[in-house]
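Below is one structure, written out as structure tokens; comments come after it.
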Amino acid sequence: MSTALSSLATFPSTPSPLSSAPTDASSLSTRQEIQARRDGLHLDKLFALAHPPGYYNEAACVALLRQSQREPHDQLLVDFSGPQVLTELTAAGRVLWSSLWNWQATVDGHPLQAAGPWREVCWHTDADVDYLELELPLTDGWKLERQFVLGRHDRFVLLADAILGHERSEAGGKQPSHEIRYASTIPLGERVAFAAAAETREAWLVAGRKRSALLLPLALPEWRSEFAHADLAAGLDGTVALMQAAQGRALYAPLWIDLDPARAKLPVTWRRLTVAESLEVQPRDVAAGFRVQIGGRQWLVYRSLAPRGNRTVLGQNYSSEFVCCRFLTSGRTESIIEVQ
């Protein structure tokens, strides 16, 4: 375990979930099974060439989110036909990874386990975006909601996991609060390296000598000088590892991946935003908002983690479950995807 990750062992109660997290696909399944699933992805990729850019095969539990049909392009393949979700991310024709997206989570020190198969709850494709949302039931009434967003013109991918609790209340209507800890790992492809910034928490995926993707852990503070029980770092055996902790009834772990090489050297910043409802600031287990800025481009991400309400974030009013929009030069916003 890297030094950055080992520092998270100072969490109270239980050790870091990543301390026993598998980092190689073969440790979760036989090599033959993983290869068969990868072969299935590539067969589906060939079939999808005859379809519009975004493609979803409900029977096969395979989705292809992609920038265009022209080569080279950005694309994200998702196969959720097995117990773990297999993803393959390509930036400008270069495969950055083709592996299982592993996760682990604990609630009050007790590990959560899958209590059923993955299922698709939302698929949307249009001229601007491909969007896929999956759901996995977990033990003790919890669930994992997983989002995949590919902005076709904006050239980004957003990967996000939400750990959501059941809606039970204690006596007097008070909602119980829990210590939630989450970790995920994605093994990188051959000759793809993880490079972290020194003073801030962004990182890059480097292929050869070129930066192929910028990684922004939106729920983490931007500056390392601001302490957090969380990190985005190089895990074991060439993996990207994201770790977070939260106190409450939900945890949201979004990872913004910028794929435009023209923005590789531009200034970068992001902020966790205040979300309000009826003039009251909402805790992070109710709703989360983020602003991303790369050079002169800016985006807004909003996610409701509780029953939807009429909420305000950065001057925008939403009653939706999920919103991703871009800021125009006029200061107004233009929707990329809005999930009701």
Side-chain angles (χ1 to χ4, degrees), residues 37-80 85-99 101 120 122-134 147-160 186 188-193 204-216 255-266 268 292 294-299 301 324-329 334-338:
R37 292 176 65 187
R38 283 179 174 159
D39 290 345
L41 278 176
H42 291 297
L43 289 173
D44 215 83
K45 185 193 308 183
L46 295 175
F47 178 74
L49 290 175
H51 291 73
Y55 170 69
Y56 173 53
N57 187 322
E58 182 178 3
C61 299
V62 172
L64 175 64
L65 296 75
R66 62 178 173 172
Q67 181 186 17
S68 70
Q69 293 182 341
R70 298 187 300 272
E71 298 281 357
H73 56 234
D74 308 329
Q75 70 175 31
L76 177 66
L77 279 158
V78 181
D79 174 5
F80 58 99
V85 177
L86 178 62
T87 65
E88 182 178 274
L89 178 62
T90 302
R94 174 64 184 260
V95 176
L96 300 181
W97 71 66
S98 181
S99 53
W101 179 7
E120 172 259 320
C122 182
W123 163 254
H124 175 81
T125 182
D126 60 30
D128 223 14
V129 69
D130 289 336
Y131 177 83
L132 175 67
E133 184 174 340
L134 307 177
Q147 296 171 292
F148 305 85
V149 187
L150 184 143
R152 236 184 288 284
H153 305 298
D154 298 78
R155 296 201 65 185
F156 73 84
V157 164
L158 177 66
L159 305 179
I186 301 177
L188 297 176
E190 294 183 3
R191 294 181 293 278
V192 178
W204 297 269
L205 298 185
V206 181
R209 296 182 178 181
K210 295 183 178 180
R211 294 178 177 179
S212 296
L214 168 69
L215 308 183
L216 303 179
L255 181 63
W256 182 280
I257 307 174
D258 188 83
L259 301 176
D260 190 344
R263 298 193 288 253
K265 295 184 179 180
L266 295 179
V268 175
V292 178
I294 304 175
R297 303 289 300 275
Q298 294 192 62
W299 298 268
V301 176
C324 181
C325 61
R326 65 176 71 89
F327 281 93
L328 304 177
T329 54
E334 182 177 58
S335 176
I336 297 174
I337 178 73
E338 184 168 356

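Values reported hereafter were calculated over all heavy atoms of this structure, with side chains retained and with hydrogens, waters and symmetry mates removed. All of these numbers come straight from a predicted model, not from anything done at the bench.
- Of all heavy-atom pairs spanning Ile337 and His124, the tightest one is CD1-CD2, 3.5 Å.
- Side-chain contact between Thr87 and Leu159: absent, with no pair of heavy atoms (C-beta onward) separated by less than 4.5 Å.
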Decide side chain to side chain contact (heavy atoms under 4.5 Å, CB included) for Val149 and Phe156; before the verdict, give the C-alpha distance in whole Å, the side-chain angles of both, and the deciding distance to 0.1 Å. CA-CA 8 Å; Val149 187; Phe156 73 84; 4.0 Å; yes
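- Taking all atoms of both residues into account, the shortest heavy-atom contact from Ile336 to Val129 is O-CG1, 3.3 Å.
- With rounding to the nearest 0.5 Å, the separation of OG1 in Thr90 from NE2 in His73 is 7.0 Å.
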Report the C-alpha separation of Val62 and Tyr55 in whole Å, then their side-chain angles, then the decisive distance to 0.1 Å, and conclude whether the side chain to side chain contact (heavy atoms under 4.5 Å, CB included) test is met. CA-CA 9 Å; Val62 172; Tyr55 170 69; 5.8 Å; no
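- Taking Arg263 as the reference, Asp258, Asp260 meet the side-chain hydrogen bond (donor to acceptor under 3.5 Å, both in side chains) condition, with sequence neighbours excluded.
- A search for salt bridge (Lys or Arg N to Asp or Glu O under 4.0 Å) contacts involving Arg326 returns Asp128, Asp154, Glu334, not counting sequence neighbours.
- The line from OG1 of Thr329 to CZ of Arg297 is 10.5 Å long, rounded to the nearest 0.5 Å.
- Of all heavy-atom pairs between Thr125 and Gly54, the closest is OG1-CA, 3.7 Å.
- No donor-acceptor pair closer than 3.5 Å links the side chain of Asp74 to the backbone N or O of Ala91.
- Note on ring orientation: taking the six-membered ring where Trp is involved, the planes of Trp101 and Phe148 are perpendicular (angle over 60°, cut-offs 30° and 60°).
- Shown here for Ala92 and Arg155, the closest heavy-atom pair between the two residues is CB-NH2, 3.9 Å.
- For Ser212 against Ala207, the heavy-atom pair with the smallest separation is OG-CB, 3.4 Å.
- Between Trp97 atom CH2 and Ile186 atom CD1 the span is 4.0 Å, to the nearest 0.5 Å.
- Atom CD1 in Ile257 sits 9.5 Å away from atom CG in Leu214 (nearest 0.5 Å).
- Under a 4.0 Å N-O distance rule, the pair Asp130/Arg152 qualifies as a salt bridge.
- With contacts defined as side-chain heavy-atom distances shorter than 4.5 Å, the pair Arg94/Val192 qualifies.
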Begin with the C-alpha distance, continue with both residues' side-chain angles, and end with the deciding distance and a verdict on side chain to side chain contact (heavy atoms under 4.5 Å, CB included) for Glu58 and Trp123. CA-CA 10 Å; Glu58 182 178 3; Trp123 163 254; over 6 Å; no
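- Expressed to the nearest 0.5 Å, how far CZ of Arg211 lies from CG of Leu205 amounts to 11.5 Å.
- In this structure, CG on Leu328 lies 11.0 Å from CD on Gln298, to the nearest 0.5 angstrom.
- Taking 4.5 Å as the limit, every side-chain heavy atom of Gln147 sits out of range of all side-chain heavy atoms of Leu158.
- Remark: Ser335 engages Glu338 in a side chain to side chain contact (heavy atoms under 4.5 Å, CB included) (not counting sequence neighbours).
- Contact detail for Ala193 and Leu188: the closest heavy-atom pair is C-CD1, 4.1 Å.
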